[in-house]
Amino acid sequence: MANFIKKYLNLACYALIFSTVTSACQNQEQTQTENSDNTVKLTEQTNITQQEFGKMPDGRMAMLYTLRNAEGMEVKITNYGGTITHWTAPDKNGKYEDVVLGHDSLSGYLTASPYFGCIIGRYGNRIAKGKFTLEGQTYTLAVNNGENHLHGGLQGFDKVLWEATPIDGEEPALKLTYLSKDGEEGYPGNLQVEVTYRLQKDNALRIDYQATTDKTTVVNLTNHTYFNLLGHTEGDILGHELMLNASAFLPVDKTMIPTGEIRPVKGTVFDFTQSTPIGARINDTKDEQIKFGIGYDHSWVLNPPTEKDGLNLVGKVVEPNSGRILEIFTTEPAVQFYTGNFLNGSITGKRGVVYKQRYGFCLETQHYPDSPNKKNFPSTVLKPNETYQTSTLHRFSVN
Ligand code: GLA
């Protein structure tokens with residue numbers, strides 16, 4: 001009897017294993033069907049597709065994923081740098097335009113990209129002279145911006161190939177992971193990073209960042225999308241109206257490192273507490289800070305959240321002609337507002353468009369620049385048993 005039960009159980013086990021393997025294969029088949037436009041449908045739902053984007057210098061293939069929602073919004077993301085390459089948003093007449101700057105193929109990103117649309121890490125913005133001291137040890141980072149370290153160094157997270165996992169559904173998502181090795185660009189600790197982009201039903205893109213380390217290190221991740229709410233082919237962003245939920249900003253020295261002062265915006269050209277055209281005061285040559293930045297290229301300190309949990313309002317951008325509105329929310333304490341000051345017409349991007357100065361703006365949610373060297377700034381230190389976790393949401397609507 002005991003033998004019979006054993007045999008029966010064994011048979012049941014084999015049957016279970018067999019059916020699991022077959023259904024996995026069936027799923028596999030379902031997940032790989034070819035569309036007429038060369039993109040590959042990943043499941044029966046069509047809210048996420050993938051296609052080849054181009055070969056890396058070492059021969060690896062970078063992929064391009066297209067996320068779509070029922071409203072008709074489309075976001076394309078490559079696993080090269082976790083870069084958002086295209087993002088369509090409707091205007092007041094329901095017309096969708098691509099509202100981000102970028103390139104049509106991988107080669108453009110490999111040869112000429114001032115951080116278009118990418119994930120920035122291990123540290124967003126500058127660290128003075130590429131040096132900081134942590135738990136009594138001084139670390140020297142790659143220096144790639146005059147005498148300073150910028151956006152993670154010579155090969156930051158924007159220039160590496162991430163592991164990608166597409167997640168289909170009504171709100172399709174792309175999960176990207178990357179292991180930044182101990183010593184990479186000079187940083188201590190193996191840092192395991194995960195970034196998930198999720199396209200929501202309400203025309204919002206949510207970005208969740210997560211990281212863990214095996215040695216105490218510093219982390220400050222962000223996304224560097226250049227927006228132009230008129231459409232990326234349509235010229236400068238000076239007529240866009242901006243409101244920032246920030247009563248203070250961080251003045252910088254002439255090498256763009258914060259001085260440590262937290263200065264109220266009141267009475268300065270940095271006051272965006274009331275909605276103001278970006279171009280209204282951007283050429284105020286009497287303002288030393290505008291001169292240092294060649295426009296706006298500063299960190300604004302966000303007003304504390306009104307709710308304890310959840311996302312805090314960063315600001316709102318309104319483009320009056322198209323009626324497009326972009327609102328941003330975050331868990332981060334600051335935002336770097338950059339007005340494409342270094343774009344100078346030397347880069348030809350998507351659809352052959354020449355990107356000139358101020359053709360795009362960035363709102364990079366993050367901790368303050370140079371925090372590892374500033375005791376009065378919120379800490380960017382991550383310890384081995386902690387999890388770095390931040391989120392930012394970009395929501396489009398119309399007037
Ligand atoms: C950030 C910096 C700028 C510039 C851009 C990329 O916003 O603050 O100074 O480096 O990135 O060109």
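Atoms within each ligand, like the ligands themselves, are counted from 1 in listed order. From a predicted model like this one, the values you see are computed outputs, not experimental measurements.
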Enquirer: In this structure, are over 12 heavy atoms from other groups packed under 6.0 Å from R351 atom CZ?
Expert: no

Enquirer: Can the ring centres of H240 and F361 be said to be less than 6.0 Å apart?
Expert: yes

Enquirer: Within 45° of the axis and under 6.0 Å from the centre of the six-membered ring of Y80, does NZ or CZ of R60 qualify?
Expert: no

Enquirer: If the cut-off is 4.0 Å to any non-hydrogen atom of Y115, which atoms of ligand 1 fall inside it?
Expert: 6 (C)

Enquirer: Assert yes or no for the condition that the ring centre distance of H149 to Y187 is strictly below 6.0 Å.
Expert: yes

Enquirer: Under 4.0 angstrom from ligand 1, any heavy atom of M256?
Expert: no

Enquirer: Please confirm whether F116 and H224 have ring centers closer than 6.0 angstrom.
Expert: no

Enquirer: What protein heavy atom lies closest to atom 5 (C) of ligand 1? Include the residue and the distance to one decimal.
Expert: H224 NE2, 3.6 Å

Enquirer: Students should be able to answer this: which protein heavy-atom is nearest to atom 9 (O) of ligand 1, and at what distance?
Expert: D297 OD2, 2.4 Å

Enquirer: If you measure from atom 1 (C) of ligand 1 to every heavy atom of R126, H151, H298, which option wins on shortest distance?
Expert: H151

Enquirer: Flag the pair H367 / F377 as yes when their ring centroid distance falls below 6.0 Å, and as no otherwise.
Expert: no

Enquirer: Which atoms of ligand 1 sit under 4.0 Å from any heavy atom of Y226?
Expert: 6 (C), 12 (O)

Enquirer: Could you tell me, atom by atom, which parts of ligand 1 come under 4.0 Å of a heavy atom of L150?
Expert: 10 (O)

Enquirer: Checking a contact table here: which protein heavy atom is nearest atom 7 (O) of ligand 1, and how many Å away?
Expert: E364 OE2, 2.9 Å

